[in-house]
Structures are given as C-alpha cells and as structure tokens.
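Input: a single structure, listed below in structure tokens.
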Amino acid sequence: MELYLIRHGETVDNVAGVYAGVRDSALTNHGVEQAQRLGKYFHQQDVRFSHIFASPLSRARRTAEAVASHQKWSDERSSLRVIQVPDLIEQDFGYYEGKTFRARADAQRLGRDAQRERSEDEAAVFVDVESKDSMMKRADAFLDEHLLPLFFTEVDTPGVALQVAVVSHGILLGNLWRRLLARLPVKSVTISPDVTSSRGSVILEHLGGWSNTGYLNLTFTKPKVPVSITLSSATALPSAPPAMTATTGDEEARSPESADLASITPAGAITSTSERHVMLTGWSARINAIDSKQHLASLKRQRGGIGSSAHDQGQQRLESFFKRQKKNISEPPSKPIT
C-alpha cells in the first residue's frame, strides 16, 4: 500500500491568522489553485488512487474533490468518489474558534482559567479546546474502521499496490500519523535517503507541520508470510506524544492549525467506537516524502488581493477570461455582413 496524508489548500482564515478548527473556513483562490496543482501532479506521476478519504469540512472536501477530478483513467477509477469521514475533522478550538493568535492567554497562566475569566467578563459561554485524548480516539476510530482494513484486502492486480489518499487538517494529521506509527512494529519504519539528505535527521513522532496541500507519503510492505490481523486492547497502545509544533514551511504556508496551544489546558473527550485496535504485525513502512510541495513549484499568488480572497466557483482567472474573449472575437459571423 502507498499512503498519502494530505493537508487541505489555503483558506481565508489561514490568511487572516485566526484559529479555524471546526469552523468551516473557505478556500482562497490561491488555495483552489494549490489543490488543482496537486491533482494534476498526481496524475502526471501516474498515482492512481483506489480510495480518497476526507474531512467533511469544505476546505478538505474540496481539496480532495480537486484531486479526484484529475483521476481520469480508462478503468474503474474514472468514477472515484471522495469518502467523507467526520472523525477526520480538525481539532475543535472551542473559545478560540475564529479568534486571532493575539487572543491567546499569557504564557504565565493556564489558558483555560484565563479565558474562562475573560469570557465571564464578556458574558460569553466558555467552551474548552478539544483534548488530545479526544483527537487520539478519533484518529484510532478512522484507522480501525476505514484505513487499516484495506491492508488486508485482495488487490485486483497482484503485485500492484493500493494507493490511498487521506485529506484532512494539520493537527489531526499529526495525531493520525502518530497513532498509525503506534500500530507498526518497533524499528519497522525506514526513511528514504532523499528525505534525510534534504531534511537531515528525522524524529518519527514529530515530523513537523503540514503546509497547505503538503503531504506525507509512505509505502507499506506486505509480509512475505501471511499475517493475520492482530488485535490489541486500547490501553496497550502508547499514549499520544506531546503536541506537535510546525518546524517546516514558510510563514505564509502555516496556519492557526499548526499554532502552539501549549498554554491551553484541554478537557473533554469523545467516546471511541472501537475498544480494540488493528495492529500491523509484520508490516514495515518507508517514508518517501515529508510535507512534499513539489506540485507548487512556480505557483504564484494572484495579485491585488485576488489570490487571498475566498474562492467563488463562478470566478475565472483573468487569463482564461481574455482567452475566451479572443476566441469569440475570432469566430466568423453567423451571416454575411451587408
């Protein structure tokens, strides 16, 4: 199996520098261009997805749809659909949803206490940030119910790997990767020399942040000897490591989703739909790319603030408008001019 963990394109809230977790922030024009570039790139690289999973939030869903739209093959993949999974939505920032980074509490105080006092002064209801444990359980549910069963399905063409895309959000993807890593045997993950030569040493539990439409690419190798699905109790899996902070990509590519929320004390939990987890006993994985952005080479933002504006599907790029106008002018008249 070949797996791509992909972050959505740039959004209006990314540009504005505000927290957007469950808030449904729209893609910018530049974000749509990023998603289209990603879809074209995969097609050019002959990446043929068998499954595309996505968060139902529009920024991830539309990015996934852009990828799917370029999967134009002569076989059954021509009708590939995006499977929306609620467990893939971003962390709920609670009180911070829609607020700028400046809304963070002082570093010397617990974020929850400071913001609760502030919300009381503003006569607002305080809503806490979704906990790490809650996100961990959502990631586990997606792995057990959607992704890991694919590891044990028969492929149509022997020797041809399944290619799967998961389009989600920065913090959720970091949690999803760590939960996936916990399912693999110890020392079973290797890193491509191309990755180490460009990035240096890599800490598996902390790969860094995801840029807009950046992706993590992994290849999983099936054991030579058939291995049955091994189940482990939920308590046997390692707990989630400390929160991830973005370490790669430029400031423009980063978003509130990659911001440091260490000052916030999380609370609350989501009940897991599964008490036992699928383990990838005997499998190994190779990391081929971390936060890859090759598809964005030479992509420039449209000037005059157009690129940072919310995308309207009825909008056209200026060059496409003038091309259409030129074509209309050159068309012969429908009847002779007298």
Side-chain angles (χ1 to χ4, degrees), residues 1-11 26-89 142-143 145-169 172-173 176-177 180 210-220 222 285-299 311 313 315-317 320:
M1 176 181 287
E2 191 165 11
L3 177 64
Y4 294 81
L5 300 183
I6 308 166
R7 186 176 171 225
H8 60 78
E10 180 193 78
T11 70
L27 290 176
T28 62
N29 288 313
H30 189 64
V32 170
E33 285 290 318
Q34 291 175 325
Q36 291 293 333
R37 283 287 191 98
L38 181 62
K40 293 177 183 177
Y41 177 79
F42 284 147
H43 188 276
Q44 292 167 355
Q45 297 298 312
D46 200 30
V47 177
R48 304 190 180 202
F49 290 116
S50 58
H51 300 76
I52 299 180
F53 299 99
S55 158
L57 294 176
S58 65
R59 57 190 184 271
R61 174 179 52 79
R62 291 193 62 189
T63 301
E65 289 171 347
V67 171
S69 70
H70 291 281
Q71 292 284 298
K72 303 298 184 182
W73 311 101
S74 59
D75 57 15
E76 68 279 359
R77 294 182 183 86
S78 60
S79 58
L80 181 64
R81 69 183 182 90
V82 174
I83 303 171
Q84 299 180 51
V85 183
D87 282 324
L88 291 175
I89 65 173
F142 170 74
L143 292 175
E145 297 171 19
H146 297 279
L147 183 61
L148 296 192
L150 298 179
F151 281 74
F152 304 94
T153 60
E154 293 294 332
V155 295
D156 296 334
T157 306
V160 177
L162 286 177
Q163 294 178 305
V164 179
V166 178
V167 185
S168 185
H169 313 265
L172 190 282
L173 287 172
L176 184 62
W177 159 244
L180 178 58
W210 265 258
S211 302
N212 290 123
T213 66
Y215 62 84
L216 172 67
N217 172 224
L218 307 107
T219 299
F220 295 87
K222 188 176 182 179
R286 184 182 74 249
I287 297 177
N288 304 313
I290 298 176
D291 192 28
S292 178
K293 302 182 290 293
Q294 294 185 33
H295 57 286
L296 299 180
S298 76
L299 177 62
H311 178 74
Q313 295 188 17
Q315 292 174 342
Q316 300 180 74
R317 291 183 66 92
S320 63

Parallel, tilted or perpendicular: which describes the rings of Y41 and Y215, with under 30° parallel and over 60° perpendicular?
tilted
Hey, what's the ring geometry for F53 with F142, parallel, tilted or perpendicular (30° and 60° as the breaks)?
perpendicular
With rounding to the nearest 0.5 Å, note down the distance linking [atom1] in [X] to [atom2] in [Y].
X	Y	atom1	atom2	answer
L88	H146	CG	NE2	7.5 Å
L5	D291	CG	CG	12.0 Å
K293	R7	NZ	CZ	11.0 Å
H30	Q34	NE2	CD	4.0 Å
I83	I52	CD1	CD1	9.0 Å
N212	L27	CG	CG	9.0 Å

For a quick check under 3.5 Å, do [X] and [Y] share a side-chain donor-acceptor pair by atom type?
X	Y	answer
H169	S55	yes
Q163	S50	no
S292	N217	no
H295	T213	yes

For [X] and [Y], which heavy atoms make the closest approach, and how far apart are they?
X	Y	result
A289	L216	O-CD1, 3.2 Å
Q36	A66	NE2-CB, 3.8 Å
I6	A165	CD1-CB, 4.0 Å
L173	S168	CD2-CB, 3.8 Å
I89	P56	CG2-CD, 3.6 Å
T63	R59	OG1-O, 2.7 Å

[X] side-chain N/O to [Y] backbone N/O, donor-acceptor pair under 3.5 Å:
X	Y	result
S211	G214	no
E2	F220	no
Q71	F49	yes
W210	H8	no

Determine, for R37 against E33, whether the closest basic-nitrogen to carboxylate-oxygen distance falls under 4.0 angstrom.
no
Answer yes or no: is there a side-chain heavy-atom contact under 4.5 Å between [X] and [Y]?
X	Y	result
L296	L299	yes
D46	R48	yes
L3	L180	yes
F151	L147	yes
Y4	N288	no

Let's go through H311 and R62 carefully: what are the C-alpha distance in whole Å and the side-chain angles of both, what is the deciding distance for side-chain contact (heavy atoms from CB on, under 4.5 Å) to 0.1 Å, and is it a yes or a no?
CA-CA 11 Å; H311 178 74; R62 291 193 62 189; 3.1 Å; yes
